[in-house]
Amino acid sequence: MRILITGVSGFVGRHLVNRLLQQNEFVVAGTGRAAIRPEHLPAPVQYLPLDLLNPVAVLDVVTAFQPDIVIHSAAMSKPNDCEEQQTLCYAVNVQATQHVIDACTAINCRLLFMSTDFVFGDNGPFTEDDAYNAVNYYGQSKVLAEGLVKNSGLLWSIVRTVLVYGPQLPGLNPTFPQWVWRNLQEGKTIRVFTDQYRTATYVADLTEGIVSIIEQKATGVYHLCGEETFTPFDIAQLVAAHGAFDAQLVQPVTRAEFAEPARRPIRSTLHIAKAKSKLGYAPRSLSQVLPLLF
Ligand SMILES: NC(=O)c1ccc[n+]([C@@H]2O[C@H](COP(=O)([O-])OP(=O)(O)OC[C@H]3O[C@@H](n4cnc5c(N)ncnc54)[C@H](OP(=O)(O)O)[C@@H]3O)[C@@H](O)[C@H]2O)c1
């Protein structure tokens, strides 16, 4: 099976490549904005430089590679950036998704679109069928893109995931638990939110779920995230306990005290019953993952 990943240099894209290469039947290519092949990309992966904002280039790349499925992971993924640069966010998250859909339509291949809990608002947990209620522009852009995917006429799947964390890869920023670990190790005080509830996702669980969707040719919307609900403060305290660091270094902060350009949903937690029953999805608990990370 031929698989094309957009955003192959992103956190999810890089972990996904590593997971897909464990299976010989997958022939994998990835697109990125860089003209030159990224150093980190494993040798078996074909690298295809691509400006997703250019519909002709998207069509050319997809037509040349002839994927069975495109995993559209590239996005402007930082909510504050999206809030402050809405025109660019619309182009990258919505218009580029239409370009990918058009290219998939031209060669009649499947599409898996990476989406987010931020399509919802404050009152989770949410099922796959709950109504959208994005509270920031990033979430709104993903709502619009999901609409394009759902109406595309393609065989499509949408994966909504949440606050993904996992091993730090060279050249990428640490995910939340590593950021906490590093600060506490250096004896620094950190201030973390107590009023944002998330079903955080271990990246290896996410990539396993995506492989299940690919193999089972599953269509529709799937929530692939953790099963436990934590605030960032909870996670930081668990990391502190795991590292036997001074718990007093973890200080609580609320949204009211620390305003950000993009408002965050209070409780954008997701139900995963559908993924568990239909895909056999079985995410690990944070206490199982922490010893794997540190
Ligand atoms: N990580 C999370 O916690 C999380 C949670 C929910 C949903 N998601 C979704 O999951 C997907 C992957 O997330 P991620 O964490 O891997 O994101 P990421 O690390 O920010 O990577 C984003 C990727 O998108 C590409 N990209 C950004 N702007 C682009 C543009 N203008 N044109 C072309 N490519 C562009 C980047 O390509 P270059 O490297 O080539 O610049 C990068 O590879 C995204 O769709 C995101 O919305 C992530």
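Counting starts at 1 for both ligands and their atoms, in listed order. The residues of the chain are indexed from 1 along the displayed sequence.
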How close does the nearest protein non-hydrogen atom get to [atom], and which residue and atom is it?
atom	answer
atom 48 (C) of ligand 1	T161 CG2, 4.3 Å
atom 12 (C) of ligand 1	S73 OG, 3.2 Å
atom 19 (O) of ligand 1	F11 N, 3.0 Å
atom 16 (O) of ligand 1	V12 N, 2.8 Å
atom 39 (O) of ligand 1	S9 CB, 3.3 Å

### Message
When you compare ligand 1 with K142, is there at least one nitrogen or oxygen pair between them that comes in under 3.5 angstrom?
### Response
yes

### Message
So for ligand 1, is A74 a polar contact partner (N or O within less than 3.5 Å, distance only)?
### Response
no

#### Entry: Cationic tip of K278 above Y222 ring, under 6.0 Å, 45° of axis
no

Would you call [X] a ligand 1 contact, heavy-atom distance under 4.0 Å?
X	result
K78	no
Y138	yes
S115	yes

Option with minimal heavy-atom separation from [atom], where the choices are [options]:
atom	options	answer
atom 1 (N) of ligand 1	L163, V164, T201	V164
atom 33 (C) of ligand 1	H15, M114, R33	R33
atom 24 (O) of ligand 1	G10, A75, S77	A75

Near [X], which atoms of ligand 1 are under 4.0 Å from a heavy atom of that residue?
X	answer
L52	33 (C), 34 (N)
G32	40 (O)
V92	28 (N), 29 (C), 30 (C), 31 (N)

Is the shortest distance from a Lys or Arg side-chain nitrogen in [X] or [Y] to a carboxylate oxygen in the other one below 4.0 Å?
X	Y	answer
E260	R255	no
R263	E83	no
D205	R284	yes

### Task
Could you walk me through whether S268 and R198 pass the side-chain hydrogen bond (donor to acceptor under 3.5 Å, both in side chains) test, one step at a time?
CA-CA 6 Å; S268 57; R198 303 285 182 261; 3.1 Å; yes

### Message
Pairing donors with acceptors under 3.5 angstrom, does anything connect the side chains of D102 and Q98?
### Response
yes

### Given V8, V203, L41, L172, the one that forms side-chain contact (heavy atoms from CB on, under 4.5 Å) with R14
L172

### Query
Does the pair T63 and D60 meet the rule for a side-chain hydrogen bond (donor to acceptor under 3.5 Å, both in side chains), with working shown?
CA-CA 5 Å; T63 305; D60 285 349; 5.7 Å; no

### Message
If you count heavy atoms of other groups shown closer than 6.0 angstrom to CD of Q22, is the number above 12?
### Response
yes

